[in-house]
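What you see is a predicted model; the values in this text were computed from it and never measured.
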Amino acid sequence: MTHTGLHADALPATVRGFLAASTVHDADTASSFLVEDVVVVDQNETFRGRNEVYAFVRDAGAEFEYTTEQTGARRVNDDHWVVTLHLEGTFPGGVADLDYRFTLRGDLVAELVIANHES
């Protein structure tokens, strides 16, 4: 596992807050960090708007037990951030390294693309 770039506390508060809430399936708190017309793409499945993303955060992976560790983070520019998370658990395959690619609009998340980590 490579640890790259920024420490977690160097990330924008919006990104930190969304990740903290979403990893425990706290859809109410996670939704507070989203623009109304947010778009989230997770492994090629698209969720549009706060209502769909709310359900995604609440339900995604809830049937599994797993741990999450931030293993990397980088700033692309002021509005674009990438956070790499390492997951281990009872889901198929048992291990995953995922890139969470955030696009911010002001102080809120406008888009999030979750995909396999690019080495």
> Taking atom CG of Asn44 as the centre, does the number of heavy atoms from other residues, nucleotides or ligands within less than 6.0 Å exceed 12?
Replying inline: no
> Taking atom CD of Glu65 as the centre, does the number of heavy atoms from other residues, nucleotides or ligands within less than 6.0 Å exceed 12?
Replying inline: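 Count not over threshold, so no.
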Minimum-distance pair of heavy atoms, taken over all atoms of [X] and [Y]:
X     : Y     : result
Phe56 : Val40 : CE2-CG1, 3.9 Å
Glu63 : Asp59 : OE1-O, 3.9 Å
Phe64 : Tyr66 : O-CD2, 3.8 Å
Tyr54 : Ser31 : CD1-OG, 3.3 Å
Val35 : Arg50 : O-CG, 3.7 Å

Considering only heavy atoms from C-beta outward, does the side chain of [X] approach that of [Y] to under 4.5 Å?
X      : Y      : value
Leu98  : Gln43  : yes
Val38  : Phe47  : no
Val15  : Leu104 : yes
Phe102 : Leu19  : yes
Thr71  : His117 : no

How long is the straight-line distance from [atom2] of [Y] back to [atom1] of [X], given to the nearest 0.5 Å?
X      : Y      : atom1 : atom2 : value
Gln70  : Leu85  : CD    : CG    : 6.5 Å
Thr14  : Arg105 : OG1   : CZ    : 12.5 Å
Tyr100 : Thr23  : OH    : OG1   : 8.5 Å
Asp107 : Phe33  : CG    : CZ    : 10.5 Å
Glu36  : Asn51  : CD    : CG    : 7.0 Å

Ignoring hydrogens and angles, tell me if any N or O in the side chain of [X] forms a donor-acceptor pair with the backbone of [Y] under 3.5 Å.
X      : Y      : answer
Ser22  : Val57  : no
Ser32  : Thr29  : yes
Asp99  : Val82  : no
Arg101 : Val113 : no

hydrophobic_cluster_shared for [Y] and [X], side chain cutoff 4.5 Å:
X      : Y      : answer
Val39  : Val109 : no
Val76  : Phe18  : no
Ile114 : Leu108 : yes

>> So if I apply the side chain to side chain donor-acceptor pair (under 3.5 Å) rule between Arg75 and each of Asp78, Asn77, Asp79, which one comes out positive?
In response: Asp78
>> For a side chain to side chain contact (heavy atoms under 4.5 Å, CB included) check, start with the C-alpha distance between His86 and Thr67, then their side-chain angles and the critical distance, and finish with the verdict.
In response: CA-CA 8 Å; His86 177 76; Thr67 60; over 6 Å; no
